[in-house]
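Encoded as structure tokens, the structure appears first; notes follow it.
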Protein chains: 2
Amino acid sequence: MDTVKKWRSKTYTGEGCPVEASLELFSGKGKGMILYHLLEGTLRFNELKRRLGSVTQRMLTKQLRELEASGLVHRQVYAVVPPKVEYRLTDTGASLEPILLALKEWGEEHALPILRQQAKIPAES
Amino acid sequence: MDTVKKWRSKTYTGEGCPVEASLELFSGKGKGMILYHLLEGTLRFNELKRRLGSVTQRMLTKQLRELEASGLVHRQVYAVVPPKVEYRLTDTGASLEPILLALKEWGEEHALPILRQQAKIPAES
DNA sequence: CTGTATCCTGCTGGATACTG
DNA sequence: CAGTATCCAGCAGGATACAG
């Protein structure tokens, strides 16, 4: 693959667009953050919840279920009391690492300043 | 790869998360595709519309305005008849190239197959 | 600890018609 | 050609309460 100077003119219009397809899989409140934090390794439900902070329980469950259905995250349930459930990236999920790291760096350098300028997020606590 | 084994424990929770911030800027119907197609160079409104195909005029205008407000896209208006408006990436927008290309490749390899399996998109036109 | 079940609201985005 | 203006439906996602 030589840098994709000329991508296949295979008409990436509409629903078949791979860029949109990728974005669709991360779209949903907190999915990006979830995947990013799971890069660190296996995490239990509440560990994840604590790291995300602002996400509600309902949403976290929902996003995790979607990520599981997409095959990006694996859910491991232990039959113990109190309940213990661990989440980790699948191989497919782990293949997102370079993208997630790139998004983080670009976010720090560009996205956060832009959003702050647009007053969409507080000026940093 | 020791890149980010331990990221700054600077609590990327909630709204200050750079990954989420980046994703927020692309979220919105077709934004990913728009940016991707503009990598090719300057495009007029209708050229862009033709490439995207499935996006309505209203949405395209809306997304372009948002991208412009974020400083990722530049809008050049020519005072002629019939009207002529060109769109191109700003430097900040162009800095997304590696991410967009990565999203495209990951999308072809993983996202599209996943979405097809979930029957969210037709089995290829 | 790890979830479901409801209820409810706002925003996203589609369809359509009109304009400089 | 390149928009703007309306109207409207659907669903994402918050708040809250309950459960194994």
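Values below: every heavy atom of this structure, side chains too, minus hydrogens, waters and symmetry copies. Convention: sequence-line order gives letters A, B, ...; per-chain numbering from 1.
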Item to complete: Look at the side chain of A/Phe45 and decide which nucleotide, out of C/dT2, D/dG3, C/dG14, has an atom nearest to it.
Response: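 When the side chain of A/Phe45 is considered, C/dT2 is the closest of C/dT2, D/dG3, C/dG14.
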
Practice prompt. Select one nucleotide: of D/dC1, C/dG13, C/dG3, the one nearest the side-chain heavy atoms of A/Arg65.
Written response: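 Looking only at side-chain atoms, A/Arg65 lies closest to C/dG3.
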
Worksheet item: Which residue, A/Pro83 or B/Arg58, contacts DNA chain D at a nucleotide closer to its 5' end, judged by nearest heavy atom?
Response: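 Mapping each residue to its closest nucleotide by heavy atoms, the 5'-most match is B/Arg58.
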
Worksheet item: What is the distance from atom CG of A/Leu64 to atom CG of A/Leu43, rounded to the nearest 0.5 Å?
Response: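 The CG atom of A/Leu43 is 10.0 Å from CG of A/Leu64, to the nearest 0.5 Å.
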
Worksheet entry | Spacing of A/Leu39 atom CG and A/Lys104 atom NZ [to the nearest 0.5 Å] |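 Output value for this atom pair is 10.5 Å.
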
Whole angstrom value for the distance that separates [atom2] of [N] from [atom1] of [X]:
X       : N      : atom1 : atom2 : answer
A/Leu64 : C/dG3  : CG    : P     : 8 Å
A/Gln57 : D/dG14 : CD    : P     : 13 Å
A/Glu68 : C/dT2  : CD    : P     : 15 Å
A/Ile34 : D/dG13 : CD1   : C1'   : 13 Å
B/Leu52 : D/dA2  : CG    : P     : 13 Å
B/Arg75 : D/dC1  : CZ    : C1'   : 12 Å
B/Met59 : C/dC11 : CE    : P     : 14 Å
B/Tyr78 : D/dG3  : OH    : P     : 13 Å

Worksheet item: What does A/Tyr87 touch in the nucleic acid at a heavy-atom separation under 4.0 angstrom: a base, only the sugar-phosphate, or nothing?
Response: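 Result for A/Tyr87 = sugar-phosphate.
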
Practice prompt. Would you classify A/Glu47 as touching base, sugar-phosphate or nothing, given that sugar-phosphate means primed atoms plus P, OP1 and OP2, and contacts are heavy atoms under 4.0 Å?
Written response: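 Contact class for A/Glu47: none.
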
Practice prompt. Using the side-chain contact (heavy atoms from CB on, under 4.5 Å) rule, take A/Leu25 and B/Trp106 through it: C-alpha gap first, then chi angles, then the decisive distance, then the call.
Written response: CA-CA 11 Å; A/Leu25 291 183; B/Trp106 194 87; 3.8 Å; yes

Worksheet item: With respect to the phosphate group of D/dT4, does any side-chain polar atom (N or O) of B/Lys62 fall under 4.0 Å of OP1 or OP2?
Response: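 Checking D/dT4 against B/Lys62, no side-chain N or O comes under 4.0 Å of OP1 or OP2.
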
Discussion item. If you compare every side-chain N and O of A/Gln63 against the phosphate oxygens of D/dG13 (OP1, OP2), does one of them come in below 4.0 Å?
Written reply: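 It does, given that an N or O in the side chain of A/Gln63 lies less than 4.0 Å from OP1 or OP2 of D/dG13.
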
Item to complete: Run the salt-bridge test on A/Glu47 and A/Arg51 with the 4.0 Å N-O cut-off and return the result as yes or no.
Response: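 Salt bridge: no.
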
Worksheet item: Is there a donor-acceptor contact under 3.5 Å from the side chain of A/Ser22 to the main chain of B/Leu103?
Response: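 The answer is yes, because a donor-acceptor pair under 3.5 Å joins these two groups.
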
